[in-house]
Amino acid sequence: MGAKFMKKFYLTTAIDYANGSPHLGHAYEKVLSDVIVRHRRLLGVDTHFLTGLDEHGQKVQQGARAQGMEPQERCDLIAEEFIVLLDKLRISHDDYLRTTQDRHKRVVRSLLQQLYDRGEIYQAEYSGYYSSRAEQFLQEKDKVDGKWPEIFGEVVEVTESNYFFKLGQYQEWLIEFLLENDDFIQPEFRRNQVLEFLKEPINDLCISRPRERLEWGIPLPFDESYVTYVWFDALVNYVSAAGFGDEGFDSLWPADVHVIGKDILAPPHSVYWPIMLKACELPLPKSILVHGWWMISGAKMSKSTGESVDPLELIDLRGADAFRYFVMREMTVGQDADFSLERFDSRYHADLGNDLGNLLSRILNMTARYCDGKVPEATIAEKPESDLANLWDEAHVGARQLFDEYKFNLGLEKIFVFIRGINRYVEERSPWKLAKSEAVEDRAKLETSLAFIVEALRLGVALLAPVMPGVNDQVNKLLGIAATTLWEDDLVWDHRLAGNSLGPKTILFPRD
RNA sequence: GCCAGGGUAGCUCAGUUGGUUAGAGCAACGGAAUCAUAAUCCGUGGGUCGUCGGUUCGAGUCCGACCCUUGGUACCA
């Protein structure tokens, strides 16, 4: 009835925790998400891309205090750092949600109130071992040789009243849902881990902290002496950013993809979140895409070992597109991957510099030398030309299929098989030899070969657009056309560049 | 312990429902070429497909056991 909102393809990343500077893992998740969204846009899909920052909680409060700042002040600084990273990475997000924004707090409180009114939330005593030095409750597993380690200082048994969300009653429903929707969690083996996790009974979820213990949070609407804790704050960002309660909500929610790391799959995104939505009578997201971790020499990255890689340095050194290419080319989505500067340089030099960048250099140069910088007409079509065209068909059909399946590493490999194929074609025709000939037919071959090389390069770069938007833009400018916007139009081999004046000789990926 | 991923050329990885001499890129080596960022192209070498056993006419591909490695086992992307 009437004007209905068109449902957009709505993708979210996990929101980053405002407790430290961005590192490789943060950068990777953003790039992966951005590539998926750009891919959809190139397919003509209307998209909405959300990312953001999780600003509440004890660690943030403590971190601020340690630096003699107000929590909000420190969050503002960290938000700035993350936003700089997003810009540098050419992330094309539509919205940036910070959990301290009113639009978010309002929705969190509204959902909590609804659930409270419906009896989904109750108050109960919680007792456990509390370390005042660490300002947290400890688990049995924190014990060493049956005793609390020194670092926790004095540990006392404390009984505290808190609010709980009735999670447990939905366990059977959730298991059934996951069994029926086998593509809800991708890759599939991650779903199996969740089902395994759900074999044990799950407890109700403690969703509050008394304010005397944690001030930096969103107060419960039905009891202002508590703030809500972690997941009822953080997870809700996906619906609060979509404008829950507003007109446009249905045009975004349910989300199509939540992109997250494997560490926050079970239980937060695979258990708490679906159950929270179910209890709120909201539709569930279509899918959760779970990526792996970057390892450094096989070891997990962490700030504590000082081994973390600063993505900003790499971007400054090699450029955003090179960084994006590297992480998408090396990581099988869902698995872990190893990071090393040697591998980064190898990809940078071999794939980007030698195969792609050098190809651009030579075609720009040859066109300038042999054809006054104007793209000539293709007038003949012999075996080398049909071989190249066939290779293109194979490459783009294959790459598009692989991109659809989130197999970006394999898709990129396919594209570079094509790029290398163009170089092979260049050798086969050897325009520099043809240019020395006076024969009319050699002139035709020369012009045809340059036309084919330019066209093939245009297509290759169009296919790389989701991963390397900057290079796409730059190369297209040099070819005298606008950046690739729609694959349906731009992946067609049609020699549209004939007559265009090419730009000046350009080094895309300089050697040191 | 339990669960899951991985274990294929020096390195990073592909290998569809089991089928002829196991593939790619990088690295190494030899050659061609000179338009180009000393880039490109052609060719060569290199693997008992973690181990043992089983099913089968036939297994990297299925089954079992074991070994190594990474991760999860309630709150670090």
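Protein chains get the first letters and strands the later ones, always in sequence-line order, with residue 1 at the start of each. Every value quoted in this text rests on a predicted model; they were computed, and no experiment measured them.
- Rounded to whole Å, the separation between the P atoms of B/rG7 and B/rU12 comes to 12 Å.
- Here A/Arg191 does not reach the OP1 or OP2 of B/rA4: none of its side-chain N or O atoms lies under 4.0 Å away.
- None of A/Leu463, A/Leu459, A/Ile415, A/Leu391 except one satisfies the side-chain contact (heavy atoms from CB on, under 4.5 Å) rule with A/His396; the exception is A/Leu463.
- To the nearest angstrom, P of B/rA27 lies 14 Å from CD of A/Glu342.
- Nearest to the side chain of A/Trp432, among B/rA33, B/rC76, B/rU40, sits B/rA33.
- Rounding to the nearest 0.5 Å gives a distance of 13.5 Å between CD of A/Glu80 and SG of A/Cys75.
- Residue A/Phe164 contributes atom CZ, which lies 13 Å from atom C1' of B/rA74 at whole-angstrom precision.
- Of the possible donor and acceptor atoms, one in the side chain of A/His26 sits under 3.5 Å from a partner among the backbone N and O of A/His23.
- Atom-to-atom, NZ of A/Lys262 to P of B/rU70 comes out at 12 Å; the value is rounded to the nearest Å.
- Listed candidates were B/rG71, B/rA36, B/rA74. Nearest to the side chain of A/Asn203 is B/rA74.
- Distance check on atom C1': B/rG46 versus B/rU8 gives 14 Å, rounded to whole Å.
- The CZ atom of A/Arg511 sits 16 Å away from the P atom of B/rA36 (whole-angstrom rounding).
- Just one residue in the list A/Val271, A/Ile264, A/Val236 forms a side-chain contact (heavy atoms from CB on, under 4.5 Å) with A/Trp231, and that residue is A/Ile264.
- Counting to the nearest Å, the C1' atom of B/rA33 and the CZ atom of A/Arg424 are 16 Å from each other.
- Checking B/rA36, B/rA33, B/rA4 against the side-chain heavy atoms of A/Lys433 singles out B/rA33 as nearest.
- Using a 4.0 Å heavy-atom criterion, one finds that A/Ser346 contacts the sugar-phosphate atoms exclusively.
- Each of A/Arg362, A/Lys433, A/Arg420 was scored for a salt bridge (Lys or Arg N to Asp or Glu O under 4.0 Å) with A/Glu427, with one residue passing: A/Arg362.
- Rounded to a whole angstrom, the distance from the C1' atom of B/rG18 to that of B/rC13 is 22 Å.
- Rounding to the nearest 0.5 Å gives a distance of 10.0 Å between CZ of A/Arg190 and NE2 of A/His291.
- With hydrogens and angles disregarded, no donor-acceptor distance shorter than 3.5 Å links the side chain of A/Asp95 to the backbone of A/Phe49.
- When each of A/Ile207, A/Leu205, A/Thr228, A/Asp204 is tested with A/Tyr163 by the rule side-chain contact (heavy atoms from CB on, under 4.5 Å), just one qualifies, namely A/Ile207.
- Using a 4.0 Å heavy-atom criterion, one finds that A/Phe416 contacts no nucleic acid atom at all.
- Nucleic acid contact for A/Ile264: sugar-phosphate only, since backbone atoms but no base atoms lie under 4.0 Å from a heavy atom of the residue.
- Annotation: B/rG43 and B/rG6 have their P atoms spaced 34 Å apart (nearest Å).
- Nearest to the side-chain atoms of A/Arg420 among the listed nucleotides B/rG25, B/rA36, B/rC75 stands B/rG25.
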Go along nucleotides 10-16 of chain B 5' to 3' and tag each nucleotide: B for a protein heavy atom under 4.0 Å from its base, S when only backbone or sugar atoms are that close, - otherwise. -SS-S--
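- No contact: A/Arg190 has no heavy atom under 4.0 Å from any strand.
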Toss me the dot-bracket line for RNA chain B: Watson-Crick and G-U wobble, both under 3.5 Å, 5' to 3', using | for pairs to another strand and [ ] for crossers. (((((((..((((.....[...)))).(((((.......))))).....(((((..]....))))))))))))....
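- Taking the P atom of each, B/rU48 and B/rC63 are spaced 25 Å apart, rounded to whole Å.
- Distance A/Asn358 CG to B/rC41 C1': 12 Å, rounded to the nearest Å.
- Here the nucleotide nearest the side chain of A/Glu427, chosen from B/rU40, B/rC76, B/rC26, is B/rU40.
- What separates CG of A/Leu388 from P of B/rC41 is a distance of 13 Å, to the nearest Å.
- Positionally, the nearest nucleotide of RNA chain B for A/Ile507 lies more toward the 5' end than for the other of A/Tyr229 and A/Ile507.
- Judged by distance alone, with hydrogens and angles left aside, the side-chain atoms of A/Ser449 form a donor-acceptor pair with the main-chain N or O of A/Leu446 at under 3.5 Å.
- Taken to the nearest 0.5 Å, the CZ atom of A/Phe326 stands 10.5 Å off from the CG atom of A/Asp351.
- A/Asn354 has a side-chain polar atom (N or O) that falls below the 4.0 Å cut-off from OP1 or OP2 of B/rU40.
- For B/rA9 and B/rG47, the P atoms lie 10 Å apart once the distance is rounded to whole Å.
- No contact: A/Tyr28 has no heavy atom under 4.0 Å from any strand.
- With respect to A/Glu81 and A/Arg74, no salt bridge is recorded, no charged nitrogen being found less than 4.0 Å from a carboxylate O.
- The separation of B/rC35 from B/rU20, taken at their P atoms, amounts to 46 Å, rounded to a whole angstrom.
- Of all nucleotides listed (B/rU40, B/rA4, B/rC75), B/rA4 comes nearest to the side chain of A/Gln193.
- A/Pro187 comes within 4.0 angstrom of no nucleic acid atom, judged by non-hydrogen atoms across all strands.
- Place A/Lys436 and A/Leu167 on RNA chain B by their nearest nucleotides, and A/Lys436 ends up nearer the 5' end.
- The side chain of A/Asn365 contributes no N or O atom lying less than 4.0 Å from OP1 or OP2 of B/rC35.
- Inter-residue side-chain proximity for A/Glu55 and A/Asn19 is flagged as unmet; no heavy-atom pair is nearer than 4.5 Å.
- Looking at heavy-atom distances under 4.0 Å, A/Tyr370 makes contact with sugar-phosphate atoms alone, never a base.
- Put simply, CD1 on A/Ile260 is 13 Å from P on B/rC76, counting in whole angstrom units.
- One C1' atom belongs to B/rU56, the other to B/rG10, and the distance between them is 35 Å to the nearest Å.
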